[in-house]
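Take a look at the structure set out below.
Only this structure's heavy atoms are used, side chains among them; waters, hydrogens and symmetry mates stay out.
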Amino acid sequence: MADDDDTSAGLTPETKTTPRRRASRIAGPPAQAATPGEVPATSVAAPAAAASPASGVAAPGTASPSAASAPAEPREAADVEAGAAGVDAEAGGVSGDDAPDTPAGSPRSRLRRVAAIVAAVLIVVLLGTTGWLLVEQNAADDRDAQRNAFVQTARQTVLNLTTIKPDTAKEDVDRILAGASGEFKAEFDGREDPFVGVVQEAGVTTVGKIIESGLESQDGNTAKVLVAARADVSTPDGAQNGPRDFRMRVTVTDDGGTMTASKVEFVP
């Protein structure tokens, strides 16, 4: 006992307090001795299992390839959207149905209002001009028609005066008076029958034709027309047969659309 105590007393405090560790190993077949320069297989087995891609969880201190590349895709989409927004901003804003309505007081709204007013004024002016042109055209047509009627009345009056036959003297005089008025008609008042008698007694036949005619002047509803005519004269004995040329100035009056010769003058 004493020796045991002495032996116990000879132990150091470190020997007393530190228990001896038992060697332990991983279950399984005994590890083979590694050849020089070869890494033991057990040194990499645990980290490989911890970083297995199938588990989806990376081992501490290691980064998963899918986790490292995941943030890149959202960042690229955001960059594309930002670039598209910048292009739209440079192009002048949004377009299509997303474009906001133009404010009532904006310059574009005022420009549209001014354009609408100008278009309305132009339409009114064009309509007014068209109406004025139509009125002027109708007035010009009426003037031309009246001038033509003046000339035709003068031509017919001279033709009636230069065409008289003994057999139709009465009808010829009546035809002259039917187209006469004013001073010209007054010259025949009370002289119709004596004139017819002279023509029948002399047996003189005259057949006239119009050579030329033209409007000399016009004053309202009255116009003066120059007429050049030729009358072929035939007498019973033939002594005075031949053409006779005349120039006459006929004053024609338009009385409510009725054209009559109000004066006839011989022009040398």
Side-chain angles (χ1 to χ4, degrees), residues 129-268:
T129 303
T130 303
W132 178 79
L133 290 175
L134 290 176
V135 171
E136 285 296 315
Q137 184 63 40
N138 291 335
D141 293 342
D142 293 341
R143 287 193 297 268
D144 292 341
Q146 187 183 45
R147 291 173 180 175
N148 184 63
F150 284 144
V151 174
Q152 293 301 323
T153 300
R155 289 168 64 93
Q156 188 62 46
T157 299
V158 173
L159 186 62
N160 293 338
L161 284 173
T162 56
T163 303
I164 298 176
K165 300 177 182 179
D167 297 339
T168 59
K170 177 62 176 169
E171 290 80 1
D172 295 339
V173 172
D174 291 341
R175 186 168 54 251
I176 293 172
L177 294 176
S181 64
E183 183 178 339
F184 180 55
K185 187 174 182 179
E187 292 179 358
F188 282 90
D189 289 343
R191 302 179 182 176
E192 298 93 335
D193 293 339
F195 181 79
V196 172
V198 170
V199 171
Q200 291 176 345
E201 183 178 353
V204 178
T205 301
T206 61
V207 178
K209 63 179 180 180
I210 305 300
I211 299 176
E212 191 61 65
S213 63
L215 184 67
E216 182 180 24
S217 62
Q218 180 179 354
D219 184 10
N221 293 332
T222 302
K224 294 181 178 181
V225 183
L226 292 175
V227 181
R230 176 171 296 169
D232 291 329
V233 179
S234 299
T235 59
D237 56 4
Q240 298 181 356
N241 291 352
R244 304 286 191 275
D245 292 337
F246 304 95
R247 293 184 62 202
M248 301 180 186
R249 177 183 289 113
V250 181
T251 302
V252 181
T253 302
D254 183 2
D255 186 8
T258 302
M259 299 285 182
T260 56
S262 57
K263 185 177 181 180
V264 177
E265 307 172 80
F266 286 93
V267 178

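- Nearest heavy atom pair, residue Leu161 against residue Ile164, reads O-CD1, 3.9 Å.
- Between the side chain of Gln200 and the backbone N or O of Ala202 there is no donor-acceptor pair closer than 3.5 Å.
- Around atom CD of Glu265, more than 12 heavy atoms belonging to other residues, nucleotides or ligands sit under 6.0 Å away.
- Of all the heavy atoms in Met248 and Val267, the pair that sits closest is C-CG2, 4.1 Å.
- More than 12 non-hydrogen atoms from other residues, nucleotides or ligands lie less than 6.0 angstrom from CG of Asp174.
- For the pair Gly203 and Pro236, the tightest heavy-atom approach, listed with the atom from each and the gap, is O-CD, 3.6 Å.
- With contacts defined as side-chain heavy-atom distances shorter than 4.5 Å, the pair Arg147/Val151 does not qualify.
- The local environment of CG in Asp219 is sparse, with at most 12 non-hydrogen atoms from other residues, nucleotides or ligands closer than 6.0 Å.
- Counting heavy-atom neighbours within 6.0 Å of Arg247 CZ, excluding the residue itself, gives a total of 12 or less.
- Of all non-hydrogen atoms in Thr157 and Ala261, the two that sit nearest each other are OG1-CB, 3.5 Å.
- The closest donor-acceptor contact from the side chain of Asp172 to the backbone of Lys165 lies under 3.5 Å.
- With hydrogens and angles disregarded, a donor-acceptor distance shorter than 3.5 Å links the side chain of Asn160 to the backbone of Gln156.
- Nearest heavy-atom pair, Val199 versus Ala169, reported as atom, atom and distance to 0.1 Å: CG1-CB, 4.1 Å.
- Judged purely by distance below 3.5 Å, without hydrogens or angles, the side chains of Thr235 and Asn241 pair a donor atom with an acceptor atom.
- Side-chain contact between Asn221 and Gln146 is present, with at least one heavy-atom pair separated by less than 4.5 Å.
- With rounding to the nearest 0.5 angstrom, the CG atom of Leu159 is 11.5 Å from the OG atom of Ser213.
- Rounded to the nearest 0.5 Å, atoms OG1 (Thr251) and CZ (Phe184) are 11.0 Å apart.
- A side-chain donor-acceptor contact under 3.5 Å links Thr163 to the backbone of Gly208.
- Scanning for ring-ring contact (aromatic ring centres under 6.0 Å, His included) contacts around Phe195 gives an empty result, with sequence neighbours left out.
- In this structure the side chain of Lys263 never reaches within 4.5 angstrom of the side chain of Arg249, judged on heavy atoms.
- Residues Val225 and Phe150 share a closest heavy-atom pair of CG2-O, 3.8 Å.
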